[in-house]
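Report on one structure; see the data block that follows.
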Amino acid sequence: MTEKTERRTETGADLLLRLIKRSGTEVLFGYPGGAVLPIYDAVYRQRMRHVLTRHEQGAVHAAEGYARVSGKPGVVLATSGPGATNLVTGLMDGLIDSLPLVVFTGQVTRRAINSDAFQEADVVSMTAAATKHNFRVRSVSELPRVVAEAFYLAASGRPGPVLVDLPKDICAGSSEKVAEPPGTVQLPGYHVPKQADGRVVLQLADALVKADRPLLLAGAGVLHSGASEQLRHFAKHCHLPVVTTFLGLGSFPASHSLSLGMGGMHGTFAANMALSECDLLLNVGARFDDRLTGNLEKFAPNAQVAHVDIDPSEIGKVVKTDFGLVGDAGTVLVQLKQVLAVPLPSHRDWLNHLHGYADAHPLQYDPVKASHQLLPQFVIEQICRFAGPDAIIATDVGQHQMWSAQYYRFERPGKFVSSGGLGTMGFGLPAAIGAQVACPQTKVAAILGDGGFQMTLQELAVIAEQRLPVKIFILNNHTLGMVRQWQESFYGKRYAESIPEMQPDFVRLAESYGIRARRLTDPAQVAETVEAVFATDASALVDCRVKQMENVTPMVPPGKGLMEMTGG
């Protein structure tokens, strides 16, 4: 008896999956629902890799982690209504931090739109302010153009999230008569700058030669451009000390003799004094975030300011700019170096002056305390010691995030994953998952606080299910640490709702997912424990019971200038 084979008509969902694959996408992060069942049926039939997170917010943060370390768009799939609205936080996070994301959301059928149908939400209007661009597909014939444009917009220029809203009937309908996508994307009103204006380059070069106290500020744009090597060569060529922003960590080696570390609210003393005393500030790829600048009236008060950015809207938006260079960070650095072929000042006195600050005011904590109680700074130093220079570190948001930025020494680009502009609690664990999916052979550690961990801890299921060897370190002070620190410093120690009474047993929780876990309380066991965790090829969780009332220092108080930092 022969089995009759029926010819199946290709659907819009089949076409969508083929287009996504054609973009180079190898994995989807998502969560199914009614409006996207045709797409999930195509995922099943076309055997595309899909990582099932346990919440849509976990999916978009995982895609952010994937995008941060791979440089490729993280791709997300979620259903209509609440599935789509659960993505908004991650979309805004990705927009502020310039991460390439392509997000596909289901929508009710075209006929049901604007009828308050089950699980209907106007996602296009809702996400207009949280995306670089968004689309609603109105016919199956639009799919090739829209998908091609979505991936191009997400990854080009200043990267960012792009959302594509897909009515269910388009995905379920036939796609047999749809033309293949064009070879190139045609967007007449969208231009991606490369080289900066040559006249401004020459003017800045002349200012650099004449400056006595020049300073280079490296932001996340250096990493997005893949320009870390150009930055290092340029700094060395011009004898420029380098300060990095929080999201610029890793763009310049922490151990380099020209490195002053991170600037800003919890930056190093040397970095903040350099920003305050320089006479020429060359900003490459940083957006002058308020956590970097402090009081704007006191920021770089005696400096000419040059700003290199691929997004022209950033230049002059926050800090008055004398030299605006619109272009790709790596390309502009090469342009500058080419016109600075003449012998340049060594700036020896300026560098010695700044190194004096670094020697007199290093980041430090009390070693006596560290021998008697578990201090978070010491734990992070040991993670740095045993993880190795190629490890990827993902953090959540709060005190542990700042301690990681201060005490983990990032020597290479693409090794730090954190939520900067939006400061999204719950980011760290799913972002580590995305980073591990992108780099399966690389060690990935998630450094989390107990507060943020509890916002997305359900994603432990993904680590277990996908057998991802993510190492999780919870710096557990049983408090919302940064909130508590601000309440201590600025609200008369009135700890309103920052020290919760109840907390789960994180060790038993991890073990319930099949993840090896242990509790760490003894400082003498930190090195041994951390070394053992990184020696295994499996996932692991360490509940580090750190000192509850430890504060992040130094700190620039609100309203103060960088030179007015306290502590440390």
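Throughout, numbering of the chain's residues begins at 1 and tracks the sequence.
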For His266, check ring-ring contact (aromatic ring centres under 6.0 Å, His included) against everything at least two apart and list the hits.
none
Could you give me the CA-CA distance, side-chain angles and deciding distance for Lys72 and Tyr66, then say whether side chain to side chain contact (heavy atoms under 4.5 Å, CB included) is met?
CA-CA 8 Å; Lys72 299 186 294 185; Tyr66 180 94; 3.6 Å; yes
Does Phe234 reach the side chain of Leu216, with side-chain heavy atoms less than 4.5 Å apart?
yes
Can you list the steps and then say if Leu101 with Glu64 is a side chain to side chain contact (heavy atoms under 4.5 Å, CB included)?
CA-CA 7 Å; Leu101 304 174; Glu64 288 185 272; 3.9 Å; yes
For Phe135 and His133, take the angle between the two ring planes, folded into 0 to 90°, and tell me which bin it lands in: parallel under 30, tilted 30 to 60, perpendicular over 60.
perpendicular
Between Pro161 and Leu91, what is the shortest heavy-atom contact and its length?
CG-O, 3.4 Å
Salt bridge (Lys or Arg N to Asp or Glu O under 4.0 Å): which pairs involve residues 553-564, sequence neighbours left out?
Lys298-Glu564
Can you confirm whether the side chains of Tyr365 and Glu381 place a donor and an acceptor under 3.5 Å from each other?
yes
Just checking, any donor-acceptor pair under 3.5 angstrom between side chains of Gln377 and Glu550?
yes
How far does CZ of Arg291 sit from CE of Met402, to the nearest 0.5 angstrom?
8.0 Å
Students often mix this up, so state it plainly: with edges at 30° and 60°, are the rings of Tyr152 and Tyr190 parallel, tilted or perpendicular?
perpendicular
Note: Pro430 and Gly58 closest approach over all heavy atoms is CB-O, 3.4 Å
Of all pairs that satisfy side chain to side chain donor-acceptor pair (under 3.5 Å), the ones with a partner from residues 327-345, not counting sequence neighbours:
Ser225-Asp328, Asp328-Thr331
Does any donor atom in the side chain of Tyr357 or Glu277 lie under 3.5 Å from an acceptor atom in the other side chain?
yes
Contacts of type ring-ring contact (aromatic ring centres under 6.0 Å, His included), residue His347, not counting sequence neighbours:
none
Do Glu411 and Ser255 pair up side chain to side chain, a donor and an acceptor below 3.5 Å, judged on atom types alone?
yes
Given Ser419, which of Asp93, Asp97, Thr395, Thr89 fulfils the side-chain hydrogen bond (donor to acceptor under 3.5 Å, both in side chains) condition?
Asp93
Sorted by chain and residue number, the ring-ring contact (aromatic ring centres under 6.0 Å, His included) partners of His233 (sequence neighbours excluded) come out as none
Ionic contact status for Glu488 with Arg484, cut-off 4.0 Å
yes
Separation between CD1 of Ile392 and CZ of Arg68, rounded to the nearest 0.5 Å
12.0 Å
Taken to the nearest 0.5 Å, the spacing of Phe299 CZ from Met563 CE works out to 10.0 Å
Here the gap from Leu99 atom CG to Arg158 atom CZ, rounded to the nearest 0.5 Å, amounts to 10.5 Å
In a check of side chain to side chain contact (heavy atoms under 4.5 Å, CB included) between Leu215 and each of Val243, Leu280, Asn283, Leu240, which one passes?
Val243
Looking at Asp396 and Gly452, what are the two nearest heavy atoms and their distance?
OD1-CA, 3.5 Å
So that I can tick it off, tell me whether Arg199 and Asp197 are bridged by a salt bridge, with the cut-off set at under 4.0 angstrom between side-chain N and carboxylate O.
yes
If you look at every heavy atom in Ser346 and Leu351, which pair is closest and at what distance?
O-CD1, 3.7 Å
Taking all non-hydrogen atoms of both residues, which atom of Gln230 and which atom of Leu333 are closest, and how far apart?
C-CD1, 4.1 Å
Just so I know, are the side chains of Phe453 and Asn476 near enough to count as touching, which here means a heavy-atom distance under 4.5 Å?
no
Can you measure from NE2 (His239) to CG (Leu344) and round to the nearest 0.5 angstrom?
6.0 Å
Does Lys317 NZ have over 12 foreign heavy atoms under 6.0 Å away?
yes
Does one side chain, of Asn551 or Thr553, offer a donor that lies under 3.5 Å from an acceptor on the other?
no
Compare all side-chain heavy atoms of Leu217 with those of Phe288 and state whether any distance is below 4.5 angstrom.
yes
Run the ring pair (Phe, Tyr, Trp, His ring centres under 6.0 Å) check on Trp403 and Tyr407 step by step: do they pass?
CA-CA 6 Å; Trp403 284 316; Tyr407 288 92; 8.4 Å; no
Residue pair Met555, Met265: steps toward the side chain to side chain contact (heavy atoms under 4.5 Å, CB included) verdict:
CA-CA 5 Å; Met555 180 179 183; Met265 179 175 283; 4.2 Å; yes
Apply side chain to side chain contact (heavy atoms under 4.5 Å, CB included) to the pair Thr456 and His55, showing each step before the final yes or no.
CA-CA 8 Å; Thr456 51; His55 192 283; over 6 Å; no
Between Gln399 and Gly481, what is the shortest heavy-atom contact and its length?
OE1-CA, 3.1 Å
Would you check, one step at a time, whether the test ring pair (Phe, Tyr, Trp, His ring centres under 6.0 Å) holds for Phe410 with Phe416?
CA-CA 8 Å; Phe410 294 96; Phe416 184 50; 4.8 Å; yes
How would you list all residue pairs meeting side chain to side chain donor-acceptor pair (under 3.5 Å) that involve residues 430-453, not counting sequence neighbours?
Asp450-Gln503
